[in-house]
Amino acid sequence: MRYWLMKSEPDEASIDHALAAPDRTLPWTGVRNYQARNFMRDDMRIGDGVLFYHSSCAEPGIAGIAEVASGCYPDPTQFDPASPYHDPKSTREQPRWLLVDVRALQKTRLIPLPELRSHPALAGMQMLRRGNRLSITTVSADEWEFIVGRLAQGA
DNA sequence: GCCAACGTTGGC
DNA sequence: GCCAACGTTGGC
């Protein structure tokens, strides 16, 4: 069992959107970075824990807990010329981009980015590293325990 | 809107 | 393969 942090812009897909979706599950469309794709392809397993992070918004931070709900499969938006995620270099025979389904488990209180940075226990978090832009990053078991078991209380 | 940091592209 | 130019991310 591994743990992940996945960024989403709440205007597009917030924790509330996920909780309101059928089976509380959203296809995680739009990943267009090879390292993030490879995490989904090579390392994610169904049932892995996910910290649902809101980015590019007024208050960025962790907004909920989720889980990986499917194996990876081609992201259909890459084939859609009308989609902002369209990739003309991708074909159905050889798709470049993959996604997994993510099932929301619970909304937490919003745990803001500055609060995450303030905890020495989280100093090594991949997403807190300087200049990090990856939309999917790894979370250690200790970091998961600290965030889910401590910071997320009082939701 | 600014800008630091990083990834990708493409000419050579 | 190098690397400059360009595009994107994302916090502030």
Side-chain angles (χ1 to χ4, degrees), chain A residues 2-21 26-44 48-68 72-140 142-144 146-148 150-152 154-155:
Chain A
R2 299 184 198 194
Y3 304 98
W4 307 93
L5 182 145
M6 299 176 78
K7 295 181 188 172
S8 180
E9 301 189 12
D11 288 349
E12 283 202 28
S14 69
I15 186 71
D16 290 321
H17 289 131
L19 284 167
L26 294 176
W28 206 262
T29 55
V31 172
R32 296 294 181 268
N33 169 283
Y34 290 106
Q35 203 177 338
R37 180 202 68 182
N38 293 348
F39 278 149
M40 292 193 287
R41 186 188 62 191
D42 302 332
D43 300 315
M44 278 190 179
D48 280 359
V50 174
L51 299 173
F52 197 115
Y53 182 89
H54 287 176
S55 70
S56 292
C57 56
E59 200 173 12
I62 292 168
I65 311 294
E67 66 178 1
V68 175
C72 67
Y73 59 97
D75 180 344
T77 62
Q78 71 195 299
F79 309 123
D80 178 2
S83 168
Y85 300 122
H86 179 236
D87 185 343
K89 294 179 188 159
S90 199
T91 65
R92 289 185 187 274
E93 292 70 33
Q94 292 210 316
R96 293 179 146 199
W97 305 112
L98 304 170
L99 56 71
V100 298
D101 292 338
V102 173
R103 178 179 300 113
L105 297 179
Q106 65 175 91
K107 190 173 178 174
T108 64
R109 74 179 175 90
L110 199 285
I111 307 169
L113 180 57
E115 180 178 345
L116 297 172
R117 290 197 188 283
S118 76
H119 290 291
L122 303 180
M125 267 191 94
Q126 186 180 9
M127 85 110 10
L128 296 180
R129 284 186 204 149
R130 201 174 71 105
N132 167 68
R133 296 185 317 174
L134 264 188
S135 64
I136 301 176
T137 52
T138 58
V139 174
S140 75
D142 285 346
E143 291 158 356
W144 175 271
F146 187 82
I147 292 168
V148 171
R150 252 186 88 176
L151 303 188

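A note on names: the letters A, B, ... follow the listed sequences, proteins ahead of strands, and every chain is numbered from 1. Basis for what follows: all heavy atoms, side chains included, without hydrogens, waters or symmetry-related copies.
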Taking atom P of dG11(C) as reference, at what distance in whole Å does atom CE of Met125(A) sit?
-> 13 Å
Distance below 4.0 Å between Tyr53(A) side-chain N/O and dG11(C) OP1 or OP2 | yes
side-chain contact (heavy atoms from CB on, under 4.5 Å) between Phe146(A) and Glu143(A): does it pass, once the steps are laid out?
-> CA-CA 5 Å; Phe146(A) 187 82; Glu143(A) 291 158 356; 5.7 Å; no
Send over the distance from Met127(A) CE to dG10(C) P, rounded to a whole Å.
-> 8 Å
Counting only side-chain N and O atoms of Lys7(A), is one of them less than 4.0 Å from OP1 or OP2 of dT9(C)?
-> no
Distance in angstrom units between Arg129(A) CZ and dG10(C) P, rounded | 16 Å
Tyr85(A) atom OH is separated from dG7(C) atom C1', nearest whole Å, by 16 Å
Short N-O contact, Arg96(A) and Asp87(A), less than 4.0 angstrom | yes
What's the closest nucleotide to the Tyr34(A) side chain, out of dG7(B), dT8(B), dG11(C)?
-> dT8(B)
How long is the line joining CH2 of Trp97(A) and P of dT8(B), in whole Å?
-> 7 Å
Integer-rounded Å distance: dT8(C) P and Glu12(A) CD | 14 Å
May I ask you to evaluate whether Lys89(A) reaches the phosphate of dT9(B), defined as a side-chain N or O under 4.0 Å from OP1 or OP2?
-> yes
Separation of Arg133(A) atom CZ from dG7(C) atom P, in whole Å?
-> 14 Å
Lys/Arg-Asp/Glu bridge criterion (N-O < 4.0 Å) met for Arg37(A), Asp75(A) = no
Measure from the side chain of Ser56(A), starting at C-beta and using heavy atoms only, and say which of dC12(C), dA5(B), dG10(C) lies closest.
-> dG10(C)
Arg32(A) side chain N/O closer than 4.0 Å to the phosphate oxygens (OP1, OP2) of dT8(C)?
-> no
If a pair satisfies salt bridge (charged side-chain N to carboxylate O under 4.0 Å, His left out) and one of its residues is in residues 125-138 of chain A, list it, with sequence neighbours excluded.
-> none
Whole Å only: how far is the CG atom of Leu134(A) from the P atom of dG11(C)?
-> 13 Å
Under 3.5 Å side-chain donor-acceptor pair for Ser14(A) and His17(A) = yes
